[in-house]
Number of protein chains: 2
Amino acid sequence: MTQPARKPSRIQIENRQRIRDAALGLFATHGFRGTTLDQIAGACGMHKPNLIYYYDSKEAIHIDLLNTLMTEWLSPLDAMDPEGDPLEEILEYIRKKMEMSRLYPRESRLFANEIVQGAPRMLPHLERTLKPLFDQQCKILEDWMAAGKLARMHPAHLIFSIWAVTQHYADFEAQIAVLLPGQDRFADGADQFVETMFRKLLTP
Amino acid sequence: MTQPARKPSRIQIENRQRIRDAALGLFATHGFRGTTLDQIAGACGMHKPNLIYYYDSKEAIHIDLLNTLMTEWLSPLDAMDPEGDPLEEILEYIRKKMEMSRLYPRESRLFANEIVQGAPRMLPHLERTLKPLFDQQCKILEDWMAAGKLARMHPAHLIFSIWAVTQHYADFEAQIAVLLPGQDRFADGADQFVETMFRKLLTP
DNA sequence: CACAGATTTTACCAATTGGTAAAGTTACGA
DNA sequence: TCGTAACTTTACCAATTGGTAAAATCTGTG
């Protein structure tokens, strides 16, 4: 499966990174089929066959991106502490998600693309990795609500709404840019709005 | 621009509709470049050159879909009445948006695809059609807040959050299906959660 | 029915695209 | 510094794809 085998050389590490970086932006905006190997090659100053030297196929690049995405993407959710202050734990999670939309919009859009298209290459990942984590966090939320520390609501839909609102700023950036022109979409009040919104929702 | 010219015959009307219906589903899930004319032809039981008989090009089909989408998509937003009860007007808008996610997920995903990819064919539409309507609705919201009928908040971000949460159920359906398996994603409590969420947020 | 125009089908084409073969070049340890 | 393995480049290919030409067929109307 992996191609040149054993110890990746310095050049291999660097060039694979260059390829991933170029491919990430292209896949995120044009989708998998909308991106050509020539585009990726051009974006990272390499020749097409050189890509295939580092990755078996175009699909292999995509899969590699989705794999690394999956782990890094979920880390903030994993960090919620059942022993911490419920409201602050959730608000901190929301802050991290907003920061990710600001710093890594390409990753957010890559994920959005994959899910909108029915998650053809991610369904197993979602089942094996996301689902258990999701269930676990739902349980934590339920316990907090049962203890009266949070307003009662459907925990799954709460998580969905957090994902929806925070990722919207990355995924629908083009639309927001039209509707709030000239403004910094984040500095402008998005963070404050989102924090206020969920604080109001969650306070018992 | 338009091809066969004057009065569209019965057959033309029917077949264009068949083409649009097939293309909508395919564009929504595979994106523009990820969809082939052969796929569209196969999905509506026609031959490829027959599509070109009714539409000048693949792009013409896509543009036609986006045009009709744009008008139908915005109609619920347009229906908000400045004279009505603020909370009920907004909640009714939210209900309509949830219903649209339930009834027309393909349209929602087509729109999402287009925006995630930077709205290459919709930017003018967004500027000319959506922006004025958006500004007008923001003004209405501001007036309601100034009159103390709604909690004070940034009206633009309020609208974004409504769009984000309601469209999430259509656009991320594949993810939700994994996380809430076997359940009807809408009947299960999405509507109730969303209504409660925004009622709590908006109540002064 | 007859027939003109509308519609459908078959055969085809040029460009693009993912990928390969193999020759050339570079980096690096002995 | 020399040789070999790692890396890069050039040329190429088969399949796919958007689209065309034109023959075949169908439809509605006088």
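Each chain gets a letter, A, B and so on, in the order its sequence line appears, and its residues count up from 1.
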Could you write nucleotides 16-30 of chain C as a row of B, S and -, 5' to 3', where a protein heavy atom under 4.0 Å of any base atom gives B, of only sugar-phosphate atoms gives S, and otherwise -?
-> -SBBBB------S--
Rounded to whole Å, the CZ-C1' distance (Arg18(A) to dT8(D)) equals 11 Å
Answer yes or no: is there an ion pair linking Asp64(A) with Arg20(A), defined by an N-O contact shorter than 4.0 Å?
-> yes
May I ask you to evaluate whether Asn15(A) reaches the phosphate of dA6(D), defined as a side-chain N or O under 4.0 Å from OP1 or OP2?
-> no
Met46(A) atom CE is separated from dC7(D) atom C1', nearest whole Å, by 9 Å
Verify, without hydrogens or angle tests, whether Lys96(B) (side chain) and Pro76(B) (backbone) share a donor-acceptor contact under 3.5 angstrom.
-> no
Can you find a side chain N or O atom of Tyr54(A) that sits less than 4.0 Å from OP1 or OP2 on dA6(D)?
-> no
Whole-Å distance, His47(A) NE2 to dT9(D) C1', equals 6 Å
Asn50(A) has an atom CG; how far is it from atom P of dA6(D), in whole Å?
-> 15 Å
Could you pull out all residues at least two apart from Glu99(A) that satisfy salt bridge (charged side-chain N to carboxylate O under 4.0 Å, His left out)?
-> none
Answer yes or no: is there an ion pair linking Glu195(B) with Arg199(B), defined by an N-O contact shorter than 4.0 Å?
-> yes
Arg33(A) to Phe27(A) six-membered ring, cation-pi geometry met (6.0 Å, 45°) = no
Taking Watson-Crick and G-U wobble contacts under 3.5 angstrom, with | marking pairs to another strand and [ ] crossing pairs, the secondary structure of DNA chain C is written ||||||||||||||||||||||||||||||
Do the ring centers of Tyr169(A) and His157(B) come within less than 6.0 Å of each other?
-> yes
Using atom CZ of Arg16(B) as one end and atom C1' of dA6(C) as the other, report the distance to the nearest whole Å.
-> 13 Å
So, are Arg16(A) and Asp21(A) salt-bridged, with charged N and O less than 4.0 Å apart?
-> no
Check the distance between dA6(C)'s C1' and Ile13(B)'s CD1 and give it to me in whole angstrom.
-> 14 Å
Could you state the CD-P distance from Glu14(A) to dA6(D), rounded to the nearest angstrom?
-> 17 Å
Please determine if a side-chain N or O atom of Gln12(A) lies less than 4.0 Å away from the OP1 or OP2 oxygen of dC7(D).
-> yes
Quick check, are the ring centers of Phe160(B) and Phe134(B) under 6.0 angstrom apart?
-> yes
Let me know the distance between OH of Tyr53(A) and C1' of dC7(D), rounded to the nearest Å.
-> 5 Å
Please determine if Asp143(A) and Lys139(A) form a salt bridge, counting it only when a charged side-chain N lies under 4.0 Å from a carboxylate O.
-> yes
